[in-house]
Amino acid sequence: MKLEVDSLARCFGTTRALDGISLSVESARVLTLIGPSGGGKSTLLRVLGGLETPDSGTVMVNGAALATTAAELQAYRRSNGFLFQQFNLFPHLTALRNISLPLEVVHGHDPATAQTLAEAALSRFGLLEHAHKLPAQLSGGQQQRVGIARAVARKPAILFLDEPTSALDPEMTAEVLELIQELAEQGQDIILSTHEMGFARAVADQVAFIAAGRVEELASPADLFAHPRSEVCRRFLSKVMRY
Amino acid sequence: MNRRTLIANLAAAIGIAVALGWLFTLVFGMLGAQTDWSKAWEYRETLWRGWLVTLGISFAALAGSVVFGLLFLLGQRSSLVVVRWCCRAFLEFVRDTPLLVHLLFGYFVIFAPLVSRPLADAGWDDKLVIGILLLSLFEGAYLGEILRGGVESIPKTQWESARAVGFSPYQVYRHVIFPQALRRVLPAMAGLFVSLIKDSSLLNVIGVAEYFYNTRNFISRSYAGLEGYVPLALGYLVLTLPVAWLSHWLEKRFRHET
């Protein structure tokens with residue numbers, strides 16, 4: 001994927017969540033956003049995913065400018081996938097229905113095809129036995145995996161993951177991260193924000209360190225983790241890597 | 001239940017039974033001699049017709065209140081601030097004034113002068129139609145607030161997730177928000193519908209010949225006492241109890257699912 005972000009700004013009240021962010025990625029399979037909480041990772045991800053409109057600045061994704069009208073944004077969201085920290089699934093629908101419903105009403109598949117596709121998505125990640133369970137009957141890790149299955153069931157151009165494992169315990173975190181790695185290896189374009197530095201180092205092609213609404217550093221993981229150039233990044237890494 | 005609570009329960013049951021028995025004996029002792037159930041039987045057709053009208057009003061106003069409730073909900077969530085404010089003001093006005101006033105004012109001052117003639121010309125019972133409309137508006141105002149509470153109780157992440165999978169605004173409501181919100185407000189809605197059935201009795205003030213109106217006429221014409229009021233209470237219970245039971249049943253069913 002190719003990404004071109006130029007002086008992107010977004011304010012919430014007096015808080016500058018994005019303070020003129022610029023970012024240029026020529027080609028990357030997996031772009032990882034790291035940095036302190038409240039630094040703007042989520043907001044950037046939400047803008048890139050078409051869930052938030054910026055106050056100013058431009059974004060080019062794979063050579064096309066990001067949509068601005070509601071209808072275009074909806075179409076853009078339909079072509080991508082987005083996963084939040086938690087509560088992604090619709091609690092009143094079974095795992096299977098969570099996947100098949102969007103395939104039906106958003107992507108226009110007939111019910112039988114939607115069901116087949118949904119089952120295929122679940123079985124791809126070893127979740128078929130949970131197909132008829134409600135989200136409340138699944139563990140947090142299983143819920144996130146179903147969420148990812150839903151997002152990739154319609155072959156998204158880019159998969160956006162906003163701290164997908166922040167609400168999970170270490171064991172569940174591992175099962176979700178494994179799945180994401182698997183997807184990346186199969187060629188899925190992914191942009192994710194995470195606090196799992198080990199994972200970022202292992203899977204990402206490019207890592208962007210974001211703090212105070214700006215991109216402080218953008219480099220390959222080997223480079224960034226070994227030789228952080230900026231002072232903030234160095235301090236952040238030394239803190240999070242200490243334990 | 002252990003021995004002590006068993007004895008306490010028994011004692012309470014006996015106490016309550018004695019008190020009620022005493023009250024009933026007193027009332028029936030005073031009225032029993034004059035109670036003549038054949039009077040009620042004589043008027044059975046009027047009462048039956050009135051009951052059917054009440055049933056009809058209840059169903060029509062139930063449907064009407066759902067329509068108005070949804071309109072008020074959407075109005076309050078409109079992106080236009082003027083629409084939101086107007087809805088808010090109207091809802092406050094409706095909820096803070098008695099239904100009796102709405103019926104009298106709405107019928108005699110607003111609707112009767114406007115639409116009575118055309119309705120009558122078209123062969124409609126203008127009192128009935130306007131009464132149902134006013135009742136629907138009143139209950140719809142409450143329903144709108146109940147629905148708003150339900151919709152706003154759904155976490156923000158659900159709206160976001162729904163948008164993220166590509167649902168249109170309509171689809172977000174239809175497939176994600178309403179199914180969850182309705183479960184939460186079901187008990188409140190059932191309570192409202194029971195109120196609606198009971199409130200329909202107030203339509204007598206604008207002369208709608210519903211169950212209360214016909215029963216009252218029967219009572220004043222035949223000097224009936226118990227034989228008028230007992231069927232009146234039972235007639236409303238027959239309508240309200242199924243609604244209450246249905247809501248308990250639905251509540252239980254959905255509780256297991258979430």
Side-chain angles (χ1 to χ4, degrees), chain A residues 42 45-46 48-53 70-94 97-108 132-137 143-144 146-154 156 158-162 167, chain B residues 66 70 73-75 77-81 83-84 146-190 246-258:
Chain A
S42 278
L45 208 55
R46 292 165 52 81
L48 296 179
L51 285 167
E52 192 93 56
T53 41
E72 284 169 357
L73 275 172
Q74 191 186 323
Y76 176 73
R77 287 195 295 267
R78 286 178 173 186
S79 65
N80 295 315
F82 206 109
L83 194 80
F84 304 92
Q85 263 188 45
Q86 51 180 339
F87 310 122
N88 288 282
L89 300 180
F90 306 130
H92 59 298
L93 302 176
T94 61
R97 196 68 189 128
N98 257 287
I99 302 176
S100 66
L101 180 69
L103 289 172
E104 244 175 84
V105 305
V106 175
H107 302 277
H132 297 289
K133 289 185 186 165
L134 289 167
Q137 297 165 312
Q143 288 184 31
Q144 283 304 63
V146 173
I148 294 173
R150 181 174 71 187
V152 297
R154 53 221 160 94
I158 303 173
L159 181 60
F160 297 93
L161 306 167
D162 187 6
Chain B
V66 169
L70 285 174
L73 164 72
L74 295 177
R77 297 189 62 83
S78 163
S79 53
L80 301 175
V81 70
V83 175
R84 282 206 303 274
I146 290 175
L147 291 176
R148 186 173 67 92
V151 164
E152 287 178 359
S153 76
I154 303 302
K156 202 166 152 263
T157 45
Q158 284 292 305
W159 296 86
E160 294 254 275
S161 288
R163 285 203 314 142
V165 298
F167 284 142
S168 68
Y170 164 76
Q171 288 169 335
V172 173
Y173 274 105
R174 161 78 182 75
H175 295 291
V176 179
I177 303 304
F178 276 143
Q180 294 184 61
L182 283 181
R183 274 162 216 218
R184 297 185 181 195
V185 301
L186 209 59
M189 268 175 77
L246 185 70
S247 96
H248 290 314
W249 180 75
L250 286 172
E251 227 181 294
K252 250 189 230 154
R253 225 194 96 171
F254 286 139
R255 200 171 34 216
H256 287 303
E257 278 187 16
T258 42

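All values below come from the heavy atoms of this structure, side chains included, with hydrogens, waters and symmetry mates left out. Chain A is the first sequence line, chain B the second, and so forth, proteins listed ahead of strands; every chain is numbered from 1.
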What are the two closest heavy atoms between [X] and [Y], and how far apart are they?
X        : Y        : answer
A:His107 : B:Val165 : NE2-O, 4.4 Å
A:Arg78  : B:Gly166 : NE-O, 2.7 Å
B:Glu160 : A:Leu51  : O-CD2, 4.2 Å

Problem set entry | Main-chain N/O of A:Leu89 paired with B:Gln158 side-chain donor or acceptor, under 3.5 Å |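 Checking the backbone N and O of A:Leu89 against the side chain of B:Gln158, a donor-acceptor pair under 3.5 Å is found.
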Problem set entry | Residue, of A:Gln86, A:Arg46, A:Gln85, that accumulates the most heavy atom pairs under 4.5 Å with chain B | A:Arg46
Exercise. Which residue out of A:Phe90, A:Phe160, A:Tyr76, A:Phe82 racks up the most heavy-atom pairs below 4.5 Å with chain B?
Worked result: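 Option with the greatest count: A:Phe90.
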For this session: For the residue pair B:Pro169 and A:Gln74, establish whether any side-chain heavy-atom pair is separated by less than 4.5 Å.
Result: yes
Problem set entry | Contact check, side chains of B:Ser161 and A:Arg150, non-hydrogen atoms, under 4.5 Å | yes
Exercise. Of the backbone (N, CA, C, O) and the side chain (C-beta and beyond), which part of A:Phe84 lies under 4.5 Å from a heavy atom of chain B, both, or neither?
Worked result: side chain
Exercise. CD/A:Glu52 to CZ/B:Arg163 distance, rounded to the nearest 0.5 angstrom?
Worked result: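 Taking CD in A:Glu52 and CZ in B:Arg163, the distance rounds to 7.5 Å.
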